[in-house]
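Taking it in order: structure first as structure tokens, then the write-up.
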Protein chains: 2
Amino acid sequence: MNIYDVAREAGVSIATVSRVINEKGNVSSKSMQKVNDALKKLNYSPSLLARALTVKSTHTVGVLTIDIRDPYYAAIAYTIEQEFYKRGYNMMLCNTGGSEEKKIEYLNALAQKQADGVIIVGSSFGGGRADDFLKEYAQKIPVVYINGYSEIKDVHFVICDDRRGIELMCEHLLKQGKKHLHYIQDDITFSAYQKRQGFVDALKRHGFPDGNKSITETGAGVNAGYEAAKKIFQTPCDAVVCGEDLTAAGVLKYINEFSIPAVVTGFNNSYLCEALMPPLSSVDNRVGEVACSAVEVLDAILSGKTAAEKTLITPRLVLR
Amino acid sequence: MNIYDVAREAGVSIATVSRVINEKGNVSSKSMQKVNDALKKLNYSPSLLARALTVKSTHTVGVLTIDIRDPYYAAIAYTIEQEFYKRGYNMMLCNTGGSEEKKIEYLNALAQKQADGVIIVGSSFGGGRADDFLKEYAQKIPVVYINGYSEIKDVHFVICDDRRGIELMCEHLLKQGKKHLHYIQDDITFSAYQKRQGFVDALKRHGFPDGNKSITETGAGVNAGYEAAKKIFQTPCDAVVCGEDLTAAGVLKYINEFSIPAVVTGFNNSYLCEALMPPLSSVDNRVGEVACSAVEVLDAILSGKTAAEKTLITPRLVLR
DNA sequence: CCTATTTATGTAACCGCTTACATTTTCTAT
DNA sequence: ATAGAAAATGTAAGCGGTTACATAAATAGG
């Protein structure tokens, strides 16, 4: 069933049907009525595919995440969906698993399916092959990056200052009198390196010039944290700063198990923090605000307005 | 840029270009070469929108979840994405928040955008307004339900026997000598009622006819579990069976805080179980298998094969 | 009452692709 | 060399909408 059927049923032309559907152009109340009746009678639903072909807008956006099972990405995706739903857009969820090839393939697919825009959440440190690709890509379809490497041209950025977040946490711990901070980096994203840098900077500023030596690199997840803890506590350490709540949970488990007198802190302020014993202090990286901003930026671009090239959001500590 | 540009560049007709792109029909190696050169030179990428208009397939599927932040839905979405990616499909993620209206709106949007199929994860208990809607809907576009109310016609079902899962857990606890089991229902989905029923059944079968009186209904999340625990332990209770790991985490927190001699069990076997102290025994509801099966079923339908109307997957206990 | 505007409607071209069908070219067998 | 079959190619008609433009109807002004 198509617009011709409706036109026939209503006894008008397809142009008139199109006009009443889109509430665009002039149409007499008489034929308006006839068309509406026909629409109802036939229970007609227009093909957005065909529509998109001529209006050049699908009202679909792509969202690239690294791992949707990670509460951080899930929370971002959640908010993005909500915000775009309000605005009449649908969301294509593209989970890359961190693979640059998959990322590129997805970006291509989104272009071919004429997504109106894309939001990329999290990126590798920069210089990845996707970065070059994006330079051209972003000229064809608007891209906003959440917590991504920010030297790419024509891409908009919404960034939570994760580096500052870790700095704040370190400063807090030092103020508490902790002497031997250790950092666990569990990822190799842009954001992960920022955090690491925050740790090094904070320590340096407080008279510990070689913070770099107090860093452990692991994989992601609770077990990784647990395993890391085994090594960390072989040397003196009274505070473990983690780049992720999950990692912190693993360290905490170890600490509890062996009654080690050290404190652990997390990052992301996920629901996990409340669930653990003792509750976990964490850096709130403002997932909701970040996602909202990203949607606002993209929506502005899609509406023909200009949007901030770079939006910086400040994290805050949640001490428990 | 379109297929005409490529045709002109290659000096052939658009039909020939189309043939080489889709590797369909006969084309001489000579013009094959010319077209491929043109494709490369122009860096052409066909519009899948236009293509879909005539071939009637978008290679896009919709996935409806209730809350993507919930690790259960996230895990399902994760696997669905992976499996469909392999098969060349993209995924529209539609998070309904449990609203039947939003569910219907999303289903309509998917139909208008000509999604090839949809997977719905989790449903209300049945009789919701979306159920009626689905009866008609499923005749137009294939629907497979994961853990959904299963009396709807023309809809395929992949169901983990959550009821049996809770039964197994209860039987285990009873065998351990527990005398006062209590159940916490934290949701009002189809699956949640199944679990509840499993609890009642198991108790009845072991000589506790009024298990219904030992059930607390709460909202979702760690805090809800914690609050529920306050009431539960006002009367004798040595085992709390939860319908969700998160709820269990809340109860566990309470138990630890007040050193209550009771055991808690969860459901979903999420990473949380390992993170908690003591580790949480949980029902593994086979998220991966369920999601894989759903994709297989939908893929079969889309490939014109016949698929199982109903797939039942058996949960298992993970005791820690 | 007639002309000038405004408002309403319809026709046809276009969006960018696929594909049935017609036509031309190439190949095979006589 | 030639008829017939097979292979290659092109033309044009969709797919289901939107919209520029032309035309017709309604309204306004003199």
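Letters A, B, ... are given to chains in the order of the sequence lines, protein chains preceding strands, and every chain is numbered from 1.
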statement: Side-chain contact check for B/V27: nearest option of D/dG16, D/dT9, D/dA8 is D/dT9
Expressed in angstrom and rounded to an integer, what is the separation of [X] atom [atom1] from [N] atom [atom2]?
X: B/K34; N: D/dA8; atom1: NZ; atom2: C1'; answer: 11 Å
X: A/L53; N: C/dT18; atom1: CG; atom2: P; answer: 12 Å
X: A/K113; N: C/dC17; atom1: NZ; atom2: C1'; answer: 15 Å
X: B/Q114; N: D/dG16; atom1: CD; atom2: C1'; answer: 9 Å
X: B/R8; N: C/dG16; atom1: CZ; atom2: P; answer: 12 Å
X: A/N2; N: D/dG17; atom1: CG; atom2: P; answer: 6 Å
X: B/M32; N: D/dT9; atom1: CE; atom2: P; answer: 10 Å

task: May I ask you to check whether A/F190 and A/Y145 place their ring centres under 6.0 Å from each other?
output: no
- line: Rounding to 0.5 Å, atoms CG (A/N95) and CG (A/D67) come to a distance of 5.5 Å
OP1, OP2 of [N] versus side-chain N and O of [X]: anything below 4.0 Å?
X: A/S28; N: C/dT9; answer: yes
X: B/N26; N: D/dA7; answer: no
X: A/K56; N: C/dG16; answer: yes
X: A/S31; N: C/dA8; answer: no
X: A/S13; N: C/dG10; answer: yes

Assess the side chains of [X] and [Y]: does a donor N or O sit below 3.5 Å from an acceptor N or O?
X: A/D162; Y: A/S191; result: yes
X: A/S31; Y: A/S28; result: yes
X: A/N147; Y: A/Y72; result: yes

query: Is any side-chain heavy atom of B/I301 closer than 4.5 Å to a side-chain heavy atom of B/H156?
result: yes
message: Taking the basic N atoms (NZ, or NE/NH1/NH2) and the acidic carboxylate oxygens, is any pair closer than 4.0 Å for B/D37 and B/K34?
response: no
statement: In 5'-to-3' order, the base (B), backbone-only (S) or no-contact (-) status of each nucleotide in nucleotides 18-25 of chain D, using a 4.0 angstrom heavy-atom cut-off, is BBB-----
query: Bend angle of the helix from C/dC1-D/dG30 to C/dT30-D/dA1 from five-pair axes at both ends, rounded to 10°?
result: 40°
statement: Shortest non-hydrogen pair, B/V295 vs B/R87, comes out as CG1-NH1, 3.6 Å
Closest non-hydrogen atom pair, B/V287 against B/A75: CG1-CB, 3.6 Å
